[in-house]
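Working notes for the structure below.
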Amino acid sequence: MSVVDVVKTYAEEITLQLNGLLNLEDVVNLIEKPKFEEQGDLAFPCFTLAKKLRNAPNKIAMELARKVDHPVFEKVVADGPYINAFLNKEMVSKHVLTSILEKGESYGSMKFGRGGNITIDFSSPNIAKPFSMGHLRSTVIGNSLANIVEKCGYDPIRINHLGDWGTQFGKLIVAYKLWGDEELVKEAPIQELLKLYVQFHKEAENDSSLEDDARAWFKKLEDGNEEALSLWKWFRDESLKEFAKIYDLLGVHFDSYHGEAFYNDKMDQVVSLLQESNLLQVSDGAEVVDLTEHDLAPCLIKKSDGATLYATRDLTAAIYRQEKYEFEKSYYVVGHEQSLHFAQIFLVLQKLGYNWAKQLVHIPFGFILKDGKKMSTRKGKVVLLEEVIQEAIQLAEKSIADKNPSLQNKAAVAEAVGVGAIIFHDLKNDRQNNIEFSLGDMLKFEGATGPYVQYTHARACSILRKANSFEAVAITGLNDGYSWSVVKLLMEFQAVIERSFEFHAPSQIAKYLIELSQEFNKYYGNVKVLSDDEELESRLALVKATTIVLKEGLRLLGVKAPDEM
RNA sequence: GUCCCAGUAGCUCAGCUGGAUAGAGCAACAGCCUUCUAAGCUGUGGGUCGCAGGUUCGAAUCCUGCCUGGGACGCCA
């Protein structure tokens, strides 16, 4: 049983009394959650009816409330212009708890995706640059969306579209040849390459010929020049090793690491396709697709020196992915600053006659700001993710030493808590918000945080461990207000997942988990679970069901839920 | 200049497909561990929902204009 079921029942009962004035769907859409606990569990506002019947909403509510009757409702009352229904706590909680225990971690799973593929392009860090806080957002949002989509019955294809191609490599090669040192690079590849990259931009401010050299070297790379290629490969390998450490810590994996370079030999076809379709125009020596009819700037396909651009690769990648995966949807979890770029390539694909272009979705997110401004790699202004993660883990270790020194496998728990804090901090707010970088906020373990949810889960697990035996056979349902608040939230789980899918919003789940934790902690503080009476089994069922939903919800965010902490 | 995103409590944010008395967390203050993990719970104070119009029985929510912050706007990605 879920909210959807009880809402439907309520709507059916109301519709029955309306003689076709409103259809079932209208009524379902009108039903809302009352604002205050004492107003009941479901509310139906009578304003629309008032208009149709030309009668006062309060009167209509009074009349209807008298007529609606169903065993699942304890009572139905008129409250001003609303008809408020109070659910039968015992009956509903019995159903909800039994169903969660039966389904276990598959509670809340849906099948509407019917196994269709959804490709998710996320993380996509740039080779030879450090994995910054900025990439964290794409990584955790994309990873969570993959989990959510899977929970809805789709098959997610996790794609790490590595930034392993482009003029930046020309810059890097120039910088390395001018100032680089093989030994230093071998010792600390990412730091050293970043230094070279930053130095390049500094020197290029006074010497614009460097930019020309960089473009030339990138052209050589694209044409298969051996020296360029071997340097490129070396930079790439070293970077991937570094990234693997981070992904391991975050618990993220990919189905494909095909980055930009992978499409290098596939772009010609796409360019010819554009030509055949008469979409290409020459403008200032570059080849572009004009988009003025859509009020957009033209999409650049080839530079005046014949080298390709970002758009060329993304067009090629989209076509390749459709051919290979036949996706039903294709997500791009990429920063908000690239909105124009994606609008352009989606339009170009449509102009090429691809119907599936409608299934492409750019999922933008806000920046991580430093002092109110976007962080810039070019100036070396980055905060390294790995350092932040390590710091979080150390803090978690300290916390454990302080609060639970006898804990087993401390290291694993500290990692789960530290990493959980960072992931949760990123996911709990709307994607679109810019975030001012704050180490303090990320490392907070109290209040609305990942560790708070994890802690709630661990507490609940602890009760279950202390219960002598728990067969879950004698669940009779619960009737008190504290457990009811928890049960009501438990039955909303599926609806929350659906909403997070619809809006590509992991934050919906994070907010929900906070709320569930708060209600459970109130319950914990007010009700003694382990006391021996006839409701013991039902209370244990509530506790067990809560652990299931908390753990599964955290999993959808990519956060672990230790049994003890 | 054009376009996109945002503006809600001291701070960080929910609420935004219109509905009842605008909510959390942090910070401040005051309580609660001989009883299931105090990373917790309870209480207090704190708001012209950026501003001005409009639509509506009803607007933080929808529309228009303006202000503020961030971003994008051709050879970076």
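As a basis for the values below, the full set of heavy atoms in this structure was taken, side chains included, without hydrogen atoms, waters or symmetry mates. Every chain is numbered from 1 and lettered A, B, ... according to where its sequence line falls, protein lines coming before strand lines. Bear in mind that the values here come from a model prediction, so they are computed numbers and not experimental data.
- At a threshold of 4.0 angstrom between heavy atoms, the contacts of A:Phe445 include nucleobase atoms, whether or not backbone atoms are also involved.
- Going from atom CD1 of A:Ile60 over to atom C1' of B:C57 covers 12 Å, rounded to whole Å.
- At a cut-off of 3.5 Å, with distance as the only test, no side-chain donor of A:Thr292 or A:Asp295 sits close to an acceptor on the other residue.
- Checking the phosphate oxygens (OP1, OP2) of B:A24, no side-chain nitrogen or oxygen of A:Lys428 falls inside 4.0 Å.
- Within the nucleic acid shown, A:Lys528 comes within 4.0 Å of at least one base atom, counting heavy atoms only.
- Considering only side-chain N and O atoms, A:Gln508 lies under 4.0 angstrom from the phosphate OP1 or OP2 of B:G15.
- Taking atom CD on A:Glu287 and atom P on B:C75, their separation rounds to 16 Å, with Å as the unit.
- With a cut-off of 3.5 Å on both Watson-Crick or G-U wobble distances, the partner of B:U21 is given as none.
- Nucleotide B:C29 forms a pair with B:G43, judged by Watson-Crick or G-U wobble geometry with both contacts under 3.5 Å.
- Note on ring orientation: taking the six-membered ring where Trp is involved, the planes of A:His504 and A:Tyr331 are perpendicular (angle over 60°, cut-offs 30° and 60°).
- Mapped onto RNA chain B by nearest heavy atom, A:Val527 and A:Phe44 fall at different nucleotides, with A:Phe44 at the one closer to the 5' end.
- In this model, a side-chain donor or acceptor of A:Ser283 finds a partner on the base of B:G74 within 3.5 Å.
- Ring geometry for A:His201 versus A:Tyr197: interplanar angle over 60°, hence perpendicular rather than tilted (30 to 60°).
- Side chains of A:Arg313 and A:Thr308: a donor on one and an acceptor on the other come within 3.5 Å.
- Both geometric conditions, a ring-centre gap below 5.5 Å and a plane tilt below 30°, are not fulfilled together for A:Tyr455 over the base of B:U37.
- In summary, the side chains of A:Tyr452 and A:Asn521 do present a donor paired with an acceptor at a separation below 3.5 Å, with no hydrogens or angles considered.
- A donor-acceptor contact closer than 3.5 angstrom links the side chains of A:Asp480 and A:Ser483.
- Across all strands shown, A:Val334 has no heavy atoms under 4.0 Å from either base or sugar-phosphate atoms.
- Taking atom CD on A:Glu519 and atom P on B:G25, their separation rounds to 11 Å, with Å as the unit.
- Checking A:Ile83, A:Asp41, A:Val28, A:Val27 one by one against A:Tyr10, the side-chain contact (heavy atoms from CB on, under 4.5 Å) holds for a single residue, A:Ile83.
- Closest approach to the A:Lys403 side chain among B:G70, B:A39, B:G74 is made by B:A39 (side chain taken as heavy atoms from C-beta onward).
- Atom P of nucleotide B:G74 and atom CD of A:Gln344 are separated by 9 Å, given to the nearest angstrom.
- Protein atom CD of A:Glu337 is 20 Å distant from nucleotide atom P of B:G69, rounded to whole Å.
- Among the heavy atoms of the strands lying under 4.0 Å from A:Leu340 are primed sugar atoms or P, OP1, OP2 only; no base atom is included.
- Comparing B:G45 with B:U34, their P atoms sit 29 Å apart, to the nearest whole Å.
- Contacts of A:Leu309 with the nucleic acid, taken as non-hydrogen atoms under 4.0 Å apart, involve only primed sugar atoms and P, OP1 or OP2.
- Residue A:Ala396 is classed as having no contact, given no heavy-atom separation below 4.0 Å to the nucleic acid.
- Summarising the geometry, the separation between CD on A:Gln518 and P on B:C41 is reported as 7 Å, rounded to the nearest angstrom.
- In the interface, the side chain of A:Gln39 is paired with the base of B:A20 through a donor and an acceptor atom under 3.5 Å apart.
- Listed pair A:Arg539 / B:C36 fails the phosphate criterion, with no side-chain N or O lying under 4.0 Å from OP1 or OP2.
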For this session: Please report the C-alpha distance between A:Lys511 and A:Asp430 in whole Å, then the side-chain angles of each, then the deciding distance to 0.1 Å, and finally whether the salt bridge (charged side-chain N to carboxylate O under 4.0 Å, His left out) criterion is met.
Result: CA-CA 10 Å; A:Lys511 298 273 182 207; A:Asp430 191 286; over 6 Å; no
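- At whole-Å resolution of the value, NE2 in A:His336 and C1' in B:A77 are 16 Å apart.
- Residue A:Tyr524 places none of its side-chain N or O atoms closer than 4.0 Å to OP1 or OP2 of B:U35.
- If you check every strand for non-hydrogen atoms under 4.0 Å, A:Gly447 touches sugar and phosphate atoms only.
- B:C29 adopts an anti glycosidic conformation, its chi angle falling more than 90° from 0.
- For A:Arg499 and B:U17, the shortest distance from a side-chain N or O to OP1 or OP2 is not below 4.0 Å.
- Regarding contacts with the backbone of B:C41, every side-chain N or O of A:Lys522 stays at 4.0 angstrom or more from both OP1 and OP2.
- Phosphate proximity of B:A20 to A:Asn84: absent, as no side-chain N or O sits under 4.0 Å from OP1 or OP2.
- Mapping A:Asn429 and A:Ala297 onto RNA chain B by nearest heavy atom places A:Asn429 at the nucleotide closer to the 5' end.
- Under the Watson-Crick and G-U wobble criteria, each requiring two contacts below 3.5 Å, nucleotide B:C49 is left unpaired.
- OP1 or OP2 of B:U37 lies within a sub-4.0 Å distance of a side-chain N or O belonging to A:Lys466.
- In this entry the distance linking CG of A:Asn521 with C1' of B:C33 reads 15 Å, nearest Å.
- Looking at heavy-atom distances under 4.0 Å, A:Pro34 makes contact with a base.
- Remark: A:Arg465 is not in phosphate contact with B:C36, judged by side-chain N or O atoms under 4.0 Å from OP1 or OP2.
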